[in-house]
Asks: 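One structure coming up, written as C-alpha cells, with questions to follow.
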Amino acid sequence: MPLPSFFYQHHHWRICYNELLTKHTQFNKEYIYAFTWEDPRVDHRLLNITSDDVILAITSAGDNILDYLCGPNTPRRIHAVDLNPNQNHLLELKVASFTALSHDDFWKIFGEGKHAGFRDLLISHLSPHLSSQAFQFWLDHASVFTSSSHGLYETGGSRHALKLVRYLFSIFGLTEEVKKMCAAKTIEEQRALWPRIRQVLLSKPLNWAIVGTEWFAWKAAGVPANQRNMIITDYMEREKLEGGLKAAKEKGLGGQAVWEYVVNTLDPVVRETLLSDDNYFYLLCLSGQFSKKSLPTYLTKKAHTKLSAPGAFDGLRIHTDEIQEVISRITPGTLTIAVVSPPRDTLPFYFSSNIF
C-alpha cells in the first residue's frame, strides 16, 4: 500500500492520525478556539517547569504550548493533545511560522490576526514545514487572514460570542467607550468607563435569552455541556438549594447560575487587571487583536528569536487523539506534568509527578 501523506513530512512534530474517523470529522473543519484562555503565567508559577520535564497538555490554540517552550527552562518534551484536528492545524501553523517567517510577518498573522500576503507566504515559505493535512486546511482557509472584514480572532466557534458583543456595543453606542477602556492607562480610568458597558454586557435579559443557553455555551463560548452543568451545580450548592442539576433545570435556574458566573468573572477583570498592558485575553476579545504592550509571551521578539532557532521544536509532538489514547502510547514513568481540562472547576487541572 502507498505510504500515507504524513510519512512525507519534513518534520516530526505532527503525529499521524486517520482524518476520516468520525471522532475527527465531527468538528466540520472548524476550530473552536482561535486563542487560548488559560493564563500561562499561572502554569509557570504552579508547575516550576524544568528541562527534565515531559509535559502533556491540551492543544487548544497552541498558545500555552508555545509559552512552555519559550520559558526560562525548555521542557525535554511536550505532548500537545487535541481531538479536534483543526486546533492542531492552528498550532502547526504557528510552529511553521516560527521556523520560516520573520517576526514582522509572524506578528501580522498572529498579533494582528491579518496578513494580506498570507496565501503567498503559505505556499512559498510555510508549505515545506506543514503536514499535508494542515497545509490543505490553511490553503482552504486563507481568507481567515486575508479578509478585510475580519481576522483570525473573529473566526472559529468563539466568533459567535465576539460578534454578539461587538453588535451590542454598536447598537448601544458603546464602541468608542470600549476603545477608551482598552486604552486606559490606569485601573481607575478603566473602572470609570465600566458601569455603562457593564449595564449592557451583563444584562439579565441578554443572559437568559442567549448567553445562558446550552447552545451558546458550547457553540459560541466553547464551554462543554458538562462544564456548564458544573457551573449550575456549584450555584445550587452555594445557594443551598436542593435537588442539584435536575432541580435547577426543572426550575429554569440555569440562566441565573450562568449570569452570576459571568458577573463574578468579568467584574474582577475590570476591577483588578489593566487591559491595555496586562490582561491581553480580554483586550483581544474587545478589540479583535493583541497590542505590542498587551500580548502573550510567544508573540514577543525575544520569543521569536528563541523559537526560530534550529531545533527549537525537537521536543514537540502534536497528537490528534483522546488523552487516554496518547497516554497509553507514552513510555510509563516518563510523563512528569499533565495540564488537562478540569473535572470540577473552571481552572486548569494539574498533575505534577511521575504518575503515568
Side-chain angles (χ1 to χ4, degrees), residues 33-39 41-42 113 150-151 153-154 156-223 227-228 230-232 234-236 238-239 248 252-291 293-296 345-347:
Y33 309 102
F35 63 99
T36 302
W37 272 106
E38 291 76 21
D39 193 340
R41 293 173 295 187
V42 177
H150 66 258
Y153 300 113
E154 295 179 42
S158 58
R159 73 184 184 279
H160 300 295
L162 298 182
K163 285 185 175 180
L164 172 64
V165 169
R166 304 267 172 77
Y167 175 72
L168 290 173
F169 290 157
S170 177
I171 63 173
F172 285 98
L174 294 172
T175 302
E176 289 305 313
E177 288 191 56
V178 171
K179 289 180 180 179
K180 290 179 181 178
M181 190 171 76
C182 289
K185 295 181 179 179
T186 66
I187 292 286
E188 290 72 22
E189 183 183 351
Q190 183 175 275
R191 290 173 181 171
L193 293 162
W194 175 236
R196 186 159 174 247
I197 298 172
R198 183 187 191 279
Q199 187 177 9
V200 172
L201 202 57
L202 298 181
S203 67
K204 285 191 175 182
L206 171 67
N207 180 77
W208 287 332
I210 302 175
V211 178
T213 64
E214 289 189 36
W215 178 90
F216 188 87
W218 174 236
K219 294 294 185 180
V223 177
Q227 189 169 349
R228 181 179 182 274
M230 286 188 282
I231 293 172
I232 297 172
D234 288 342
Y235 167 80
M236 296 293 285
R238 189 171 61 253
E239 296 297 319
L253 296 175
Q256 176 67 22
V258 173
W259 181 80
E260 287 197 10
Y261 178 83
V262 173
V263 169
N264 292 334
T265 298
L266 295 186
D267 276 342
V269 165
V270 178
R271 189 171 60 245
E272 300 171 11
T273 67
L274 192 60
L275 303 183
S276 62
D277 68 3
D278 179 46
N279 197 322
Y280 59 80
F281 302 99
Y282 288 92
L283 176 74
L284 178 66
C285 290
L286 294 174
S287 66
Q289 63 182 53
F290 294 109
S291 75
K293 292 177 61 181
S294 190
L295 72 169
D345 207 328
T346 57
L347 298 173

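In what follows, every heavy atom counts, from backbone to side chain, and hydrogens, waters and symmetry copies are set aside.
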Asks: What side chain to side chain donor-acceptor pair (under 3.5 Å) pairs are there with at least one residue in residues 281-291, not counting sequence neighbours?
Replies: none
Asks: Which value, rounded to the nearest 0.5 Å, describes the distance between L193 atom CG and R191 atom CZ?
Replies: 12.5 Å
Asks: Rounded to the nearest 0.5 Å, how far apart are OH of Y261 and CZ of R228?
Replies: 12.5 Å
Asks: Does E260 form a side chain to side chain contact (heavy atoms under 4.5 Å, CB included) with R238? I'd like the steps, not just the answer.
Replies: CA-CA 11 Å; E260 287 197 10; R238 189 171 61 253; 3.3 Å; yes
Asks: So, taking the atom named CG in L164 and the one named CZ in F169, what distance separates them when rounded to the nearest 0.5 Å?
Replies: 9.5 Å
Asks: Enumerate the residue pairs fulfilling side chain to side chain donor-acceptor pair (under 3.5 Å) with a member in residues 262-273, sequence neighbours excluded, ordered by first and then second residue.
Replies: W194-D267, R198-D267, T273-N279
Asks: List in chain and number order the residues that pass ring-ring contact (aromatic ring centres under 6.0 Å, His included) with Y280, two or more places apart in sequence or in another chain; answer none if no residue qualifies.
Replies: F290
Asks: So which atom in S294 and which in S276 form the shortest heavy-atom distance, rounded to 0.1 Å?
Replies: CB-O, 3.3 Å
Asks: What pair of heavy atoms forms the shortest contact from V200 to L174, and how long is it?
Replies: CG2-CD1, 3.6 Å
Asks: So with a 6.0 Å cut-off around CD of E239, is the heavy-atom count from everything else above 12?
Replies: yes
Asks: Compare every heavy atom of Q256 with every heavy atom of Y235, then report the nearest pair and how far apart it is.
Replies: OH-CG, 3.3 Å
Asks: Once you round to the nearest 0.5 Å, how far does CG of L286 lie from CE of M181?
Replies: 5.0 Å
Asks: Keeping to residues at least two apart or across chains, list the salt bridge (charged side-chain N to carboxylate O under 4.0 Å, His left out) pairs with something in residues 274-289.
Replies: R41-D278
Asks: With sequence neighbours left out, write down each residue that passes side-chain contact (heavy atoms from CB on, under 4.5 Å) with E189, or none if nothing qualifies.
Replies: A184, K185, T186
Asks: Quick one: side chain to side chain donor-acceptor pair (under 3.5 Å) pairs with a partner in residues 165-183, sequence neighbours left out?
Replies: E154-R166, E177-R196
Asks: Say you draw a straight line from CG of L201 to CG of L168; how long is it, rounded to the nearest 0.5 Å?
Replies: 7.5 Å
Asks: Is it true that W37 and F35 have ring centroids separated by less than 6.0 Å?
Replies: yes
Asks: Going through the checks in order, is the side chain to side chain contact (heavy atoms under 4.5 Å, CB included) test met by L283 and L295?
Replies: CA-CA 9 Å; L283 176 74; L295 72 169; over 6 Å; no
